[in-house]
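Each remark here refers to the structure printed beneath this line.
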Amino acid sequence: MVDWLEIHQPDVLALQETKLVDDSFPQEAFKEIGYHAAYSGQKTYNGVAILCRQAPKDILTDLPNLVDSQRRILGVTVDDIRLLNLYVPNGSEVGSKKYAYKLDWLGRIKDYLQEALVEYPKLIVLGDFNVAPADQDVHDPDIWHETILCSTPEREALKEILALGFQDSFRLFEQEAQSFSWWDYRGGAFRRNRGLRIDLILISKALVPKCTGCVIDKEPRRLTRPSDHAPVIATFA
DNA sequence: ATGGTAGGTCTCCTA
């Protein structure tokens, strides 16, 4: 992580699945290389963090309409940009209790974002959405047809968020076919590029003219004991 | 409903 930050020097890095209580967050290690940190963690599961060059302001970890002990939400303001880092519930299986929780959760996020856009026209919503927006974001749409991460209700929930006035920054630019951000650890999925694009950077309309690129960096996925996700990088003028 | 991998609360649960 420190190596990646030193190479890419992003202004902001949003993390999901930190799986750390706040007292264990290694903020000193990031401070040493010039990054402030905001975080909302818990033991073993979930957890979100934001690392940034400038001190984050107006840190938000809970939404008024989403009372939840699971640490999946982190909002900060950096410069004149509002960021909302999300670790969307995985949902386990279509039709399960966790699936219902996921859809309800996404609906509440949408309701919150409708208000947030009024206060923060320059708004970025990013993170692990656990939804592949369309079949082009899936290595084999037949295998994944109406399964978790790809089902129509999940995609509709994401579309409703986009319809508030967000763009999927990745699709503002020409991209290679079969571009993914997550590959299962099992079955040599990364080697065979059997992945999904579920990690998104959504930007509000005011930011679209400023956005100069969006790419997925597959390099960290090749390392020893990698995350199963690859970082997505959006750049702005 | 399987298996395959990874990691942690470690012989089950979540992803």
Side-chain angles (χ1 to χ4, degrees), chain A residues 1-4 13-27 29 39-50 61 66-74 84-106 108-109 125-135 137-155 157-158 178-201 216-232:
Chain A
M1 187 81 67
V2 164
D3 291 346
W4 192 91
L13 177 64
L15 305 170
Q16 304 82 34
E17 283 194 274
T18 52
K19 302 181 181 180
L20 285 169
V21 293
D22 292 345
D23 287 345
S24 304
F25 193 88
Q27 61 164 324
Y39 36 82
S40 176
Q42 68 184 82
K43 199 167 154 187
T44 310
Y45 300 119
N46 311 314
V48 280
I50 290 177
T61 60
L66 213 178
V67 177
D68 192 355
S69 60
Q70 300 190 26
R71 304 290 81 197
R72 298 178 174 278
I73 295 169
L74 183 61
L84 191 70
N85 177 19
L86 301 179
Y87 176 44
V88 176
N90 170 284
S92 186
E93 219 179 303
V94 173
S96 67
K97 260 189 174 163
K98 285 177 183 163
Y99 182 73
Y101 164 68
K102 178 182 195 172
L103 294 178
D104 178 70
W105 197 94
L106 285 167
R108 289 169 189 271
I109 292 291
V125 185
L126 76 174
D128 178 357
F129 280 73
N130 270 317
V131 180
D135 278 352
D137 303 305
V138 180
H139 69 90
D140 188 335
D142 291 335
I143 289 174
W144 286 86
H145 181 71
E146 294 298 337
T147 61
I148 199 67
L149 315 185
C150 298
S151 74
T152 300
E154 291 168 88
R155 286 178 171 173
L158 175 60
Q178 303 283 110
S179 288
F180 308 123
S181 67
W182 170 83
W183 302 261
D184 200 300
Y185 284 121
R186 297 167 285 192
F190 181 68
R191 182 174 45 79
R192 300 155 73 190
N193 198 32
R194 295 167 68 89
L196 304 180
R197 190 176 68 91
I198 56 176
D199 301 280
L200 312 176
I201 301 177
I216 297 167
D217 178 16
K218 286 173 77 171
E219 287 309 312
R221 190 65 175 75
R222 301 185 215 280
L223 301 173
T224 317
R225 289 185 61 201
S227 165
D228 47 355
H229 295 257
V232 185

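Predicted, not measured: the structure shown is a model, and the values here were computed from it. By convention in this document, chain letters (A, B, ...) are assigned in the order of the sequence lines, proteins followed by strands, and residues within each chain are numbered from 1.
- Nearest-nucleotide assignment on DNA chain B puts the 5′-proximal partner with A:Lys43, out of A:Gly91 and A:Lys43.
- Residues from residues 180-190 of chain A lying near DNA chain B, meaning a heavy-atom separation below 4.0 Å, are A:Tyr185, A:Arg186 in numerical order.
- Atom CD in A:Glu17 sits roughly 15 Å away from atom P in B:dA6 (whole-Å rounding).
- In this structure, A:Asn90 places its CG atom 16 Å from P of B:dC13, rounding to the nearest Å.
- The CG-P distance, from A:Leu196 to B:dA15, rounds to 15 Å in whole Å.
- Every residue two or more places apart in sequence or in another chain that forms a side-chain hydrogen bond (donor to acceptor under 3.5 Å, both in side chains) with A:Gln16 is listed here: A:Asn85.
- A:Asp137 is linked by a side-chain hydrogen bond (donor to acceptor under 3.5 Å, both in side chains) to A:Arg171, A:Arg197, counting only residues two or more places apart in sequence or in another chain.
- For A:Asp68, there are no salt bridge (charged side-chain N to carboxylate O under 4.0 Å, His left out) partners at least two apart in sequence or on another chain.
- Comparing B:dA6 with B:dT11, their C1' atoms are spaced 16 Å from each other, to the whole Å.
- Using C1' as the reference atom, B:dC10 and B:dA15 are 16 Å apart when rounded to the nearest Å.
- Taking atom P in both B:dG7 and B:dT2, one finds a spacing of 23 Å when rounded to whole Å.
- Summarising the geometry, the separation between OH on A:Tyr87 and P on B:dT14 is reported as 11 Å, rounded to the nearest angstrom.
- Atom-to-atom, CZ of A:Arg72 to C1' of B:dT14 comes out at 10 Å; the value is rounded to the nearest Å.
- Separating the CZ atom of A:Phe129 from the P atom of B:dA15 is a distance of 17 Å, rounded to the nearest angstrom.
- Using a 4.0 Å cutoff on non-hydrogen atoms, no part of residues 138-150 of chain A comes near DNA chain B.
- Checking A:Pro226 against A:Asp128, the closest nucleotide of DNA chain B that is more toward the 5' end is the one next to A:Pro226.
- The shortest distance between the side-chain N/O atoms of A:Lys98 and the OP1/OP2 oxygens of B:dT14 is below 4.0 Å.
- Between A:Pro153 and A:Val94, the closest side-chain pair of non-hydrogen atoms is not below 4.5 Å.
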**OP:** Given side chain to side chain contact (heavy atoms under 4.5 Å, CB included), test A:Arg72 with A:Leu86 step by step and report yes or no.
**Re:** CA-CA 6 Å; A:Arg72 298 178 174 278; A:Leu86 301 179; over 6 Å; no
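- A:Asn46 and A:Arg71 share no side-chain donor-acceptor pair at under 3.5 Å.
- When the side-chain contact (heavy atoms from CB on, under 4.5 Å) test is applied to A:Asp228, the partners found at least two apart in sequence or on another chain are A:Trp182, A:Tyr185, A:Arg221.
- For A:Trp105, there are no side-chain hydrogen bond (donor to acceptor under 3.5 Å, both in side chains) partners two or more places apart in sequence or in a different chain.
- The CD atom of A:Gln42 sits 12 Å away from the C1' atom of B:dT14 (whole-angstrom rounding).
- Rounded to a whole Å, the CG atom of A:Asp228 is 12 Å from the P atom of B:dA15.
- Every ring pair (Phe, Tyr, Trp, His ring centres under 6.0 Å) that A:Phe25 has, sequence neighbours left out, goes to A:Phe30, A:Tyr39.
- In this structure, A:Glu93 has no salt bridge (charged side-chain N to carboxylate O under 4.0 Å, His left out) partners at least two apart in sequence or on a different chain.
- Contact annotation: A:Arg225 reaches the phosphate of B:dG7 (side-chain N/O to OP1 or OP2, under 4.0 Å).
- Taking the P atoms as reference points, B:dG3 lies 23 Å from B:dG8, given to the whole Å.
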